[in-house]
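Presented below is the structure to which this report refers.
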Amino acid sequence: MRAMVLREFNTPLILDGEMKTPRPGPCDVLIRVKACGICRTDLKISKGLYKPEVTLPHVLGHEFSGVVEQIGSDVRGVEIGQPAVAYFYITCGKCRYCLSGEENVCSEMTRPGFEQFGGFAEYVAMPAASLVPLGEGISFEQAAVLPDAVAVPYHAISRLGKLERGESILIVGVGGLGVHAIQIAKVLGAQVIAADVDEGRLEIARGLGADQVVNARDTDRVDRIRSLTEGYGVDMCVDLVGTPISYNWALDATRKGGRYVVVGYAANQPLAVDTVPFHLNEWKLIGCRGSTKQDLIDAVDLTRRGLIKPIIDKVYQLEQANEGMQDLEAGKILGRGVLQI
Ligand SMILES: [Zn+2]
Ligand SMILES: [Zn+2]
């Protein structure tokens, strides 16, 4: 099969036309990959920031859709030719997290594109249980955007933050996840305030339904957000940046008792918790990792019903993966860049 292979960290991927096609085990399916999203995590992996989980040579790509090409001997209820999107956390199914619907923090998990070869390739073998069937009306490219750029903000806003109709939410960072977070929060009936440092992105946020936008570089950003929320601050903030640059002001724009969900992350950039304001304000600081499988099912459903529109900025062919990664790194991609395979 054809795959784009990472042979050395910090070097471009190389097209290999003769990679071994994976063989599905008894409980697995072989997926003919049709589209795969390009994620900032792929950039981090290619730079060697996910050692030791990621070993070389490696095939990137954890956000992919395709059709079922082969079925393992013990698999039931899956048809050859079924279009599907992959839930990319392959979990143990036995631990207390898996059993309580928190499989996104299963300690035994492996992931295509991390510990295993991923979707920058024609085929991936994975457990049949990882598939989420695609209904009518969702293209493979749109589906490839769902596992990360839609399901993750959905997990943050709906499952973790429990956003309620009529509440106010501040979304910090109008990037690949932010453009979908805005749509999700609107569907859930919230007053949506979007913040970013880039005026062009704020314009896009308005177009996607944000009720108000705030330039994160403005010195009066916190006062503005308070003035938009009757002086209180927002009920909930979703921080898609996750560094002191966002946290150091956006927490202050969150009301007393409000929820602050940290989705973005960066090594060696700790967020300071001064216990006095936390005590006085009863803020709830919440971490967020990926999504549950049910979140992905919900993301597929919201898309199928036309309530969320996956934002695809650019489509590349498999052999253009390096170009796609460079465009993402250079800030040229708004929603998602997607490989067509
Ligand atoms: Zn991703
Ligand atoms: Zn588990």
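Each ligand, and each atom within it, is numbered from 1 in the order the structure gives.
- Within the 4.5 Å cutoff, the side chain of Arg255 has heavy atoms near those of the Asp235 side chain.
- The number of protein N/O/S atoms found under 2.8 Å from the Zn ion (ligand 2) is 4.
- For Glu79, the CD atom is loosely surrounded, since the number of other residues' heavy atoms within 6.0 Å does not exceed 12.
- Atom CZ of Phe9 has more than 12 neighbouring heavy atoms from other residues, nucleotides or ligands inside a 6.0 Å radius.
- Ile245 CD1: 12 or fewer foreign heavy atoms inside a 6.0 Å radius.
- Judged by the 6.0 Å distance and 45° axis criteria, Arg226 is not positioned over the aromatic ring of Tyr232.
- A donor-acceptor pair under 3.5 Å links the side-chain atoms of Asp196 to the main chain of Val174, judged by distance alone.
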Name each donor-acceptor pair under 3.5 Å that joins a side chain in residues 298-318 to protein atoms two or more places apart or in another chain, with its distance.
residue, atom, partner, partner atom, Å
Asp298, OD1, Gln294, NE2, 2.9
Asp298, OD2, Tyr154, OH, 3.0
Asp301, OD1, Arg304, NH2, 2.5
Asp301, OD2, Arg305, NH1, 3.3
Thr303, OG1, Ala299, O, 2.7
Asp313, OD2, Leu334, N, 2.9
Lys314, NZ, Asp327, OD2, 3.4
Tyr316, OH, Asp327, OD2, 2.6
Gln317, NE2, Gln340, OE1, 3.0

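- Protein atoms that are N, O or S and lie under 2.8 Å from the Zn ion (ligand 1) are these: Cys39 SG, His62 NE2, Glu63 OE2, Asp148 OD2.
- Using cut-offs of 30° and 60° on the angle between ring planes, the pair Phe114 and His62 is tilted.
- Considering only residues two or more places apart in sequence or on other chains, Arg40 meets the salt bridge (charged side-chain N to carboxylate O under 4.0 Å, His left out) condition with none of them.
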